[in-house]
Amino acid sequence: MEKPQIIAHIQKSVDYTLFDTKWIPCSAKFVVLGNYARGTGAMQIYEVSHGEVNLIKQAEKPKALKCGTFGASSLQQRHLATGDFDGKVQIWNLESPEVPIYSVKGHKEIINAIDGVGGLGIGEGAPEIVTGSRDGAVKVWDPRQKNDPVATMEPGEGEDKRDCWAVCFGHAYNKHDRCVAAGYDNGDIKLFDLRNMSLRWEGNIKNGVCGLEFDRKDISMNKLAATSLEAKFQVFDMRTQHPTKGFASVTEKAHKSTTIWGAKHLPQNRDLFMTLGGNGSLYLWKYNYPEKRVKQDEDKKDMGVAGTLSLLQNAVMSTQPINSFDWSPDKEGLCVCTAFDQAIRVIIVTKLNRV
Amino acid sequence: MASEEKMIQLQYQMRENQHELDAFLKDMNSWEDDIKKKENELGQEKPMEEKLPPVRNSLQKKKKKRVKTKQAEEKPKPKKLSGYDFRAWDKLDVVSILLSGDWILCVYMSGYDFRAWDKLDVDKLCEEIDKEEKKSSSEYETDEEWELERRKQQAIVEKDMGNDFFKRGEYENAIESYTRGLNHDPSNPILPANRAMALLKQEKYAAAEVDCITALTLDPLYVKAYLRLGAARFGLRKFLEAKDAYEKALQLEPQNKTAQQEIGKIEKELSKAQMVTHSMGDVGLVKPISKHVAQRSKKPLRRLDIEEIGVENDSERQTAIARVQEGQSQAKKRLEAQDGASFEKFTSQNSTDSKKQSVIASSSKDNQPKAKSVIDKSDASNDKVETQNMKSEHKKNSSSMQASTSPRPSAGSTSPRSLGVPTSSYQFQADYKVLKRDQDAFYQYMKEINPEHYPKLLGQSLDADILMQFLRTFKEYFIP
């Protein structure tokens with residue numbers, strides 16, 4: 001009875017391949033990024049207005065845009081940071097998106113994932129952007145520093161380079177602490193501690209990591225959701241790290257043995273998240289904490305206890321994979337997603353406040 | 001019965017869901033308006049000046065540095081000073097140690113050392129330490145801020161040391177102290193201003209000017225810096241600019257006597273300078289005098305030999321002339337060779353010779369820029385070496401330039417072998433530009449290239465033109 005409903009509210013078809021979408025904070029507008037058939041990059045801004053989406057602004061860029069984030073910009077400026085097929089990191093003022101306000105050739109190859117922290121009032125400390133690329137490197141950028149990354153995490157010489165598919169920030173609960181999680185095509189997940197500039201933890205989920213997200217960026221690490229190829233995803237309890245066993249996790253199968261493109265936590269409730277399926281479906285999950293999150297092993301060492309997952313609702317939106325999804329930070333239950341059928345969908349999820 | 005109940009329940013749920021959705025949509029419409037308003041307000045707000053933490057790796061660098069400097073500082077400190085060694089105590093700058101923030105590590109003062117204790121104004125120190133402590137516990141939470149504050153304090157200590165030196169007239173030491181202070185804290189305007197004063201005393205006006213400008217960029221209301229800037233410029237005899245500086249000082253402090261006096265002084269200097277320029281203005285200039293024909297001198301015009309003075313000795317000139325003549329004969333030979341070459345197009349022997357010669361000729365020219373003008377002169381008029389008229393020289397010069405440059409391109413196109421086998425893409429490009437008009441030559445040229453080297457030579461620069469040229473050549477010459 002009280003189950004949330006996932007309803008496709010508005011659908012809009014476009015003439016290019018869609019890669020990413022993000023709500024513009026503090027507005028009813030969202031930006032979509034993609035790739036025209038001629039290889040150029042697409043950036044469009046739409047506004048939701050009384051049951052319709054209206055195109056407000058668009059710009060064509062020389063290279064296809066793969067991913068974007070507002071995470072490192074202040075709420076006032078709302079500058080969009082993007083990564084493109086050429087390895088360029090750029091920051092755009094959406095008021096005048098003709099010329100980037102920051103541009104650096106950050107990677108040798110395509111930037112697969114980008115995330116930001118320190119802006120929008122989310123996360124303490126400096127505004128920073130992290131990018132993950134096919135060239136195997138994960139780099140952290142500060143918009144105030146041109147040309148050079150403030151930190152680079154890449155395999156040493158001789159080690160083989162894995163394609164980095166996913167990156168995200170977390171643990172930014174004070175000025176100094178900050179972590180970057182990176183997922184690679186071989187299933188590796190690496191957790192870098194930016195304060196100590198060290199690798200804090202390393203794990204493998206067997207299949208390529210398509211999506212990574214902390215439930216919150218601006219709290220002491222709580223949960224990390226990692227989605228992969230072959231219809232599996234894992235949620236790690238990041239509060240307690242065991243010296244040898246690492247973090248406790250719960251694994252779930254979903255989306256009918258297709259790739260799970262990502263997991264996105266609801267900004268208004270960190271225990272709810274949506275997974276995006278390769279079969280065009282959306283699954284809404286709830287994470288239930290165990291009674292005790294910490295137990296002690298034989299050697300009296302603390303180790304975490306994973307919770308359980310319950311499926312709240314699912315809905316099929318498209319025949320093609322849903323590759324990006326974003327919850328509106330301002331309106332609970334409003335979200336937008338893009339799929340490979342070249343359509344943008346504005347979706348409504350009801351009754352989230354009663355879960 | 002059960003199924004009926006289920007149906008009813010389902011219907012109810014559907015209705016409920018629809019209701020829920022309607023409510024949501026209604027809510028969303030009003031939200032859309034609200035958020036639009038909010039967004040507009042956001043756009044009108046003035047950007048907040050947020051204090052952001054420093055950029056990450058700059059912070060790291062600092063950290064590293066700090067570790068090093070600390071180590072350097074700590075080393076001498078743990079040394080326990082002997083209570084009997086008064087001289088060492090004298091040297092010890094207790095205040096600076098206490099202020100530098102590491103005072104916990106401080107010195108073991110022994111009760112025997114009265115002098116050290118005498119020097120120490122304990123009350124004042126305690127106050128200062130208290131202040132420091134308060135600051136450190138409340139305002140400076142992070143290591144970085146601490147570090148910054150410590151450096152600032154060190155800069156102030158250096159400044160005081162510099163002032164002491166200055167008072168004693170040891171300007172060199174004072175400048176050094178101020179410089180060290182500047183390294184610690186580049187944002188303090190007093191340090192460059194004081195260094196400027198010391199520099200002024202040493203009559204290093206230009207450096208003093210620069211320091212004053214630095215100080216003024218840090219603090220545009222710093223009257224003393226303006227005064228010193230004025231003094232420095234006065235020293236540099238930039239009177240107008242000096243006056244400008246003093247006037248600015250007066251603007252800030254209308255009663256400033258020094259500025260008033262100095263402006264008076266400058267005005268005196270300026271009027272003096274004006275008088276000097278009036279009387280001296282025309283020195284060294286010979287103006288043409290136009291006289292009526294009748295008034296002109298009746299004496300016959302005399303030709304004046306113009307001799308170059310102070311350029312080179314006579315003997316040097318002679319050798320230069322000899323060299324020129326040698327080069328000239330070579331140039332002649334070259335011209336002859338080229339003539340021959342244009343008749344017998346592909347006699348390689350001759351053309352390579354000519355190439356060599358031309359190389360010699362040109363290099364000999366390049367190596368003697370001094371003698372160049374002489375070369376040009378002699379090139380045109382073989383017998384005369386000295387010229388009397390500038391104008392005619394100029395004319396000859398240009399004509400000789402033409403004469404020397406014009407035969408070259410023809411030599412290039414007629415002797416393709418001379419270009420040699422290219423080893424780099426750049427070289428190939430250059431040669432191609434020369435050869436593209438002449439298919440025969442290009443064929444000859446191409447024949448010399450090992451096809452294995454094509455990728456290297458063409459590499460990234462293969463364009464439609466070059467490809468067509470290749471194909472045409474293949475078609476014309478290689479296919480029977």
Side-chain angles (χ1 to χ4, degrees), chain A residues 1-5 7 9-10 23-29 47-52 74-78 95 118-119 121 124-128 140-146 148-152 174-176 178 194-197 328-334 346 348-354, chain B residues 5-6 8-64 67 139-148:
Chain A
M1 188 67 71
E2 289 294 287
K3 273 205 317 193
Q5 299 294 311
I7 299 142
H9 180 42
I10 313 162
W23 286 99
I24 300 175
C26 198
S27 77
K29 291 181 268 192
E47 182 166 38
V48 180
S49 175
H50 303 281
E52 283 177 51
S74 72
L75 199 58
Q76 185 97 44
Q77 295 173 317
R78 294 179 292 176
E95 299 293 321
E124 290 275 328
E128 281 178 336
V140 182
W141 308 87
D142 189 307
R144 293 169 296 172
Q145 177 172 306
K146 305 264 174 210
D148 292 312
V150 294
T152 305
N174 65 23
K175 263 185 195 164
H176 309 290
R178 190 165 288 187
L194 288 184
R195 181 178 193 168
N196 302 325
M197 294 309 265
S328 167
D330 302 294
K331 175 77 184 155
E332 188 180 48
L334 182 64
V346 177
I348 289 171
V349 184
T350 60
K351 286 187 264 192
L352 281 171
N353 48 356
R354 271 176 266 163
Chain B
E5 209 168 276
K6 225 179 185 179
I8 290 169
Q9 210 170 359
L10 199 72
Q11 234 171 13
Y12 174 73
Q13 195 177 335
M14 276 173 75
R15 209 177 304 138
E16 172 83 345
N17 283 344
Q18 192 56 45
H19 185 70
E20 192 77 29
L21 180 63
D22 285 345
F24 191 98
L25 287 178
K26 213 171 155 191
D27 183 39
M28 203 170 104
N29 285 344
S30 66
W31 170 78
E32 278 163 16
D33 298 335
D34 284 352
I35 200 85
K36 244 185 200 173
K37 245 183 247 164
K38 208 171 150 193
E39 196 185 1
N40 283 337
E41 279 168 21
L42 194 71
Q44 281 156 9
E45 267 175 44
K46 273 183 189 166
M48 282 186 293
E49 280 295 318
E50 260 184 282
K51 254 198 149 183
L52 288 169
V55 174
R56 186 172 294 276
N57 70 352
S58 68
L59 186 149
Q60 270 184 332
K61 263 184 211 159
K62 227 195 212 163
K63 259 191 180 168
K64 269 182 203 158
V67 170
E139 288 172 44
Y140 311 115
E141 284 172 359
T142 64
D143 288 1
E144 289 68 40
E145 281 166 342
W146 239 112
E147 168 70 11
L148 212 72

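When reading the values below, keep in mind they use all heavy atoms of this one structure, side chains included, and skip hydrogens, waters and symmetry mates. Fair warning: this is a prediction, and the values are worked out from it, not measured in the lab. Below, chain A is the first sequence line, B the second, and so on; all start at residue 1.
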Notebook entry, point to check: Can you name the closest pair of heavy atoms from A:Val48 and B:Met28 and give their distance?
Noted result: CG1-CE, 3.7 Å
Checklist line | Minimal non-hydrogen separation, B:Pro54 against A:Ala126, with atom names | finding: O-CB, 4.1 Å
Notebook entry, point to check: Is a side-chain donor or acceptor of B:Glu32 paired with a backbone partner of A:Ala28 at a separation under 3.5 angstrom?
Noted result: no
Check: Measuring from B:Phe24:CZ to A:His9:NE2, what's the distance to the nearest 0.5 Å?
Finding: 8.5 Å
Next item on the list: Enter the distance from B:Leu25:CG to A:Thr350:OG1 here, rounded to the nearest 0.5 Å.
Entry: 10.0 Å
Next item on the list: Look at A:Lys29, A:Arg78, A:Glu95, A:Arg178 and state which one has the largest set of heavy-atom pairs under 4.5 Å with chain B.
Entry: A:Arg78
Check: Using non-hydrogen atoms only, which part of A:Ile24 is less than 4.5 Å away from chain B: side chain, backbone, both, or neither?
Finding: neither
Notebook entry, point to check: With chain A, which of B:Asp34, B:Asp33, B:Asn29 has the greatest number of heavy-atom pairs at distances under 4.5 Å?
Noted result: B:Asn29
Note to self: Check A:Lys351 with B:Glu16, please: is the shortest side-chain N to carboxylate O separation under 4.0 Å?
What the structure shows: no
Check: Side chain, backbone, both or neither: which part of A:Ser328 has an atom under 4.5 Å from a heavy atom of chain B?
Finding: side chain
Item checked: Minimum heavy-atom distance between A:Cys26 and B:Ile35, given as atom pair plus value -> C-CG1, 3.7 Å
Check: Less than 4.5 Å apart, any side-chain heavy atom of B:Leu21 and any of A:Ile348?
Finding: yes
Item checked: Toward chain B, the part of A:Gln77 with a non-hydrogen atom under 4.5 Å -> neither
